[in-house]
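Okay, so here's the structure we're looking at.
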2 protein chains.
Amino acid sequence: MYCATMARTKDPKVRSLLIEKAAQMLRARQPVTLRTLVAGTGVSTMAVYTYFGGMDGLWRAVRQEGFTRLAARLDAVPTSEDPVRDLAALGAAYLSNAMAHPDLYRVMFDAGFDLEDPSAADETLHCLVHTIDRAKTAGRFHGEVDPPELATQSWAIGHGLASLAVTGPLTHQALVHGVPMLTALFISAGDDPAQCRRSVELGWQPPSPS
Amino acid sequence: MYCATMARTKDPKVRSLLIEKAAQMLRARQPVTLRTLVAGTGVSTMAVYTYFGGMDGLWRAVRQEGFTRLAARLDAVPTSEDPVRDLAALGAAYLSNAMAHPDLYRVMFDAGFDLEDPSAADETLHCLVHTIDRAKTAGRFHGEVDPPELATQSWAIGHGLASLAVTGPLTHQALVHGVPMLTALFISAGDDPAQCRRSVELGWQPPSPS
DNA sequence: CACAATACATAACACTGCTATGGATTCATA
DNA sequence: TATGAATCCATAGCAGTGTTATGTATTGTG
């Protein structure tokens, strides 16, 4: 039986401070270990256990943070009146995020999606699905297109390129493969080839003030 | 100055034995550690250092072994008179290999392609490039197709799906996404849509004794 | 046959994440 | 308000990690 009385409440600042520092050390390519993590923060190694239950819990929280940031980045992609262009912009933002935080991206995808909130994957796909819906109602995609399915396929393209570029043999500039690959996928979903090419190329580069 | 005299020669059996055991423990989901690796083999922990220079070297060798097995598996894919069908068969073999040895596949792609022979990636792509060449000369793809480029894109599709299925939220059955994705890519390379669909579906499933 | 260079078993080292312990702090209740 | 219980967390120690020093056995070469 769980007793609700609490004598002391965890400080959420410490929690986010540790996650933040872990992400920062990851970015600086410093080895993130229990002792190096708490060094300089004033808190002790035990804090990691009261807040996360151990290093596994910390990494789980860091992964969650990675997906949260990714979702925020995708949500920040502006919406135009061309849904296919917006789809390409989402793909470009996905890859841009992965290349900006390569080590965080790598951490997000090892240890098999062991997240605090397992619906993070759905969240990531949500704006993709929504934009595909818009493309359908706009008549760009034909009726048999299943939005979650096409979103998954777009994700697989983005993740495949990001993964091969972050941890593999592809260079950063190889990410432009995203343009022909997404174009091919969207054409197969029913979009007009010429229009699709234009939309994807427009959405791929950052929104220019035209 | 290097002296060529040697008093005792390394036994290559020990080397492959350790790699084999590491792969086997990986498959059994047992933690592969220096001491558990040598336990029962008769050799001591120092053997890992004389043969691989340390655990990093061992993992490097394991990754190399993974790519070698992958290349062998791709080379074993039978060649038909339909190059597009063969391309799909290569993709299916790639995913099949990843799902048969998920932990080995994961090891292959972390630590950033730190391999003994860095040309392993090219080897993996070689049969893809060769088959794409065949498709070009057969008139299935138009002339502007750059074989290495299209091979990279096919690889990105395969790796994206494999990675999301091995370590991500995709289930094993989600690998059928490979069919529409490869079809879309090959159609964009110039193949006839209806013929392409037939070829990819034929190549996707294991070669039936027709 | 002697010598030198390699292979490798043993043991100790620094480091990892983790846990047992106890003191400090804070809220709920009498 | 004062007591008590529950929580946070700093300290210290533990088992396990990869690595390195040391010494011994083994083998090809002069």
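Because the structure is a prediction, the values reported are computed rather than measured. Computation of the quantities below employed the complete heavy-atom set of this structure, encompassing side-chain atoms and omitting hydrogens, waters and symmetry-equivalent molecules. Order of the sequence lines sets the chain letters (A, B, ...), proteins ahead of strands, with each chain counted from 1.
Of the listed nucleotides (C:dC8, D:dT20, D:dA10), C:dC8 has the atom at the smallest distance from the side chain of B:Tyr51. Minimum atom distance to the side chain of B:Ser44 is reached by C:dT10, of the listed C:dT10, D:dC9, D:dG18. Proximity note for A:Val43 (side chain, C-beta onward) versus D:dA10, C:dC8, C:dA11: the nearest is D:dA10.
Between A:Tyr49 and C:dC18 there is a side-chain N or O to OP1 or OP2 distance below 4.0 Å. Note on B:Thr50: a side-chain N or O is less than 4.0 Å away from OP1 or OP2 of C:dC8.
Remark: the backbone N or O of B:Arg197 is not paired with any side-chain donor or acceptor of B:Thr183 at under 3.5 angstrom. In this structure a side-chain-to-backbone donor-acceptor pair under 3.5 Å is present from A:Asp86 to A:Ser80. Not a single donor-acceptor pair under 3.5 Å links the side chain of B:Thr36 to the backbone N or O of B:Val32.
A donor-acceptor pair shorter than 3.5 Å cannot be found between the side chains of B:Thr79 and B:Arg134.
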Checklist entry - Given A:Arg69 and A:Glu20, is the salt bridge (Lys or Arg N to Asp or Glu O under 4.0 Å) satisfied, shown in steps? => result CA-CA 12 Å; A:Arg69 291 187 189 181; A:Glu20 186 74 24; 3.5 Å; yes
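Atom CE of A:Met55 is separated from atom P of C:dT19 by 13 Å (rounded to the nearest Å). Computed from coordinates, the B:Trp59 CH2 to D:dT17 C1' distance equals 13 Å when rounded to whole Å. Taking atom CZ of residue B:Phe52 and atom C1' of nucleotide D:dG18, one finds them 15 Å apart after rounding to whole Å. Atom CG of A:Leu58 and atom P of C:dC18 are 10 Å apart (whole Å). As a whole-Å value, the separation of A:Asp56 CG from C:dT16 C1' is 13 Å.
Taking a 4.0 Å limit (strictly below) on heavy-atom distances, residues 29-38 of chain B reaches DNA chain D at B:Thr33, B:Leu34, B:Arg35.
For A:Tyr49, the ring pair (Phe, Tyr, Trp, His ring centres under 6.0 Å) test picks out no residue, with sequence neighbours left out.
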